[in-house]
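In what follows, chains are A, B, ... by sequence order, proteins preceding strands, each numbered from 1.
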There are 2 protein chains.
Amino acid sequence: MSDLTQRQTEILDFIRSQLRDTGFPPTREDIARQFGFSSKTGAQDHLMAIARKGFIELVPGNARGIRLLKEDELLLSHQFELPLIGSIAAGTPITAETNVDTWLRIDPELFHPRADFLHRVAGHSMKEANILDGDIVGIHAQDDADNGQIVAAVMPHPKTGEDEITLKRYFRRGKKITLKPENSAPAYKPLEIDLAPLEGDSQEQTPFRIAGVYAGLIRPRG
Amino acid sequence: MSDLTQRQTEILDFIRSQLRDTGFPPTREDIARQFGFSSKTGAQDHLMAIARKGFIELVPGNARGIRLLKEDELLLSHQFELPLIGSIAAGTPITAETNVDTWLRIDPELFHPRADFLHRVAGHSMKEANILDGDIVGIHAQDDADNGQIVAAVMPHPKTGEDEITLKRYFRRGKKITLKPENSAPAYKPLEIDLAPLEGDSQEQTPFRIAGVYAGLIRPRG
DNA sequence: TTCTGTACTGTTATTTGGTACAGTACACCC
DNA sequence: GGGTGTACTGTACCAAATAACAGTACAGAA
């Protein structure tokens, strides 16, 4: 299924907003007026292109005969849902389909900052930050962080070598990064990373990156 | 606001079903055809009656210019939402409209047991159960609890006398109930309630009831 | 008894709206 | 260089749809 062009997306959005505001779809003339076309044929052409790409259905001979398709997914699934990310397949972006375990119906805007994905915490390394084993944390995607923030770090598992997400408190001083667990038990040791040896080395993959910052959590059991 | 007649209800239902099925409202002719009228004026008369009674709005000069009113609740129907309960008006059930501060888009089934409503925690009395000030807890509505469970208890505030929700760990031994905060600081003292004097006393209001059991939480900030 | 509201039929005027045809211009791909 | 797709303008026709006017019939309330 091909994608919509910029203009076609604008027009589809206008149809959506008209449906929301007025309760019925716009006419060709409504669309032409909205976008400053002097002829309704312009609108018609766009509608036929959008229909051909499968985003709407045009009902011939019916005034305002525009039916939105694939809106169930948009309205029910993705607008108010967040992907739960488990393990991360090599070379894929975090939120790639393959990494999504499931979608949970939670409004992303509930978190501050807004959550872009979720991750289920395993283990007790952040216990003293009140993040417990089994909690589902909301992560706001960004590739940098301030000192002292809790970040979702992506790095290979020491044994399996597979990329995984871990939560740690982030500190940076010059080229030295410290990822600190929030558990004072001796088993939990801060991780020190020196960026210096990696500089200019385009072959070697940086073994660590920030996927985002901690934005809150859900604890699904009483 | 007067009620609709049988026929008007049928016609309003037809408009709803057309909107659901086709994505846009019917014309006067669609309605006439559906109900076997030989003239579209019949449909028009009904529409004007339904509009006069406030159930729809007719947009003059617009084909299919029928707008459903009072449909918001029906459409987004709180299916994947939970009410956030603040203070509780005297003599109302917990989840009564008046007690609902807002609706949050969270799937009730995310919690175990299923959450029926949410409550925002104020204060640090449950700190050692890892429930912090500002957390939003999910509550599964039930009027009893097992020993050691965390419950949402409803009782009058000691100063204002207004009913409010507090979280406490619940213990019962015979007629004696203990509501225990999870904070070992000396300011937080267990509350002892003796049910015995209340028995058979129908005049006196029981000053405490269980609204439900703790089913998990959301922490909306990083 | 009259008035008001519901529930229609029948006809007609007028506007709204869909759609076809003929162009122009630009960008990208092979 | 030709083909295809996008992004429009401009004209025109005609079916779709609204809306107004004139009725009929019945039922319940004042």
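Between B:Arg28 atom CZ and C:dA13 atom P the separation is 20 Å, expressed in whole Å. Per the geometry, NZ belonging to A:Lys53 stands 5 Å off P belonging to D:dT6, to the nearest Å. Note: CD (B:Gln6) to P (D:dC26) measures 21 Å, nearest angstrom. Computed from coordinates, the B:Asn62 CG to D:dA16 P distance equals 19 Å when rounded to whole Å. In this structure, A:Gln8 places its CD atom 12 Å from P of D:dG5, rounding to the nearest Å. Rounded to an integer number of Å, the gap from CD1 of B:Ile66 to C1' of D:dA17 is 11 Å. For A:Asp45 and C:dA22, the CG to P distance is 15 Å, given to the nearest whole Å. Rounded to a whole Å, the CG atom of B:Leu47 is 13 Å from the P atom of C:dC8.
In this pair, A:Tyr170 and A:Phe208 present their aromatic rings parallel. The plane angle is below 30°, not in the 30 to 60° band.
Within the structure, a side-chain polar atom (N or O) of A:Thr5 is placed less than 4.0 Å from OP1 or OP2 of D:dA7. The side chain of B:Arg7 places no N or O atom within less than 4.0 Å of a non-bridging phosphate oxygen (OP1 or OP2) of C:dT6. Between A:Arg52 and D:dT6 there is a side-chain polar atom (N or O) within less than 4.0 angstrom of OP1 or OP2. Look at B:Ser38 and you'll find a side-chain N or O under 4.0 angstrom from OP1 or OP2 of C:dG10. For C:dC8, the OP1/OP2 oxygens have a side-chain nitrogen or oxygen of B:His46 closer than 4.0 Å.
Nearest nucleotide to the side chain of A:Thr41, out of D:dG10, D:dA19, C:dC8: D:dG10. The side chain of A:Lys40 approaches C:dG18 more closely than any other nucleotide in the set D:dA17, C:dG18, D:dC8.
B:Arg120 and B:Asp101 are not joined by a salt bridge, as no carboxylate oxygen comes within less than 4.0 angstrom of a charged side-chain nitrogen. Between A:Asp194 and A:Lys176, no side-chain nitrogen of the basic residue sits less than 4.0 Å from a carboxylate oxygen of the acidic one, so the salt-bridge criterion is not met. Classification of A:Arg28 and A:Asp30 as a salt-bridged pair fails, no side-chain N sitting under 4.0 Å from a carboxylate O.
Within 4.0 Å of A:Gly42, counting heavy atoms only, lies at least one base atom of the nucleic acid.
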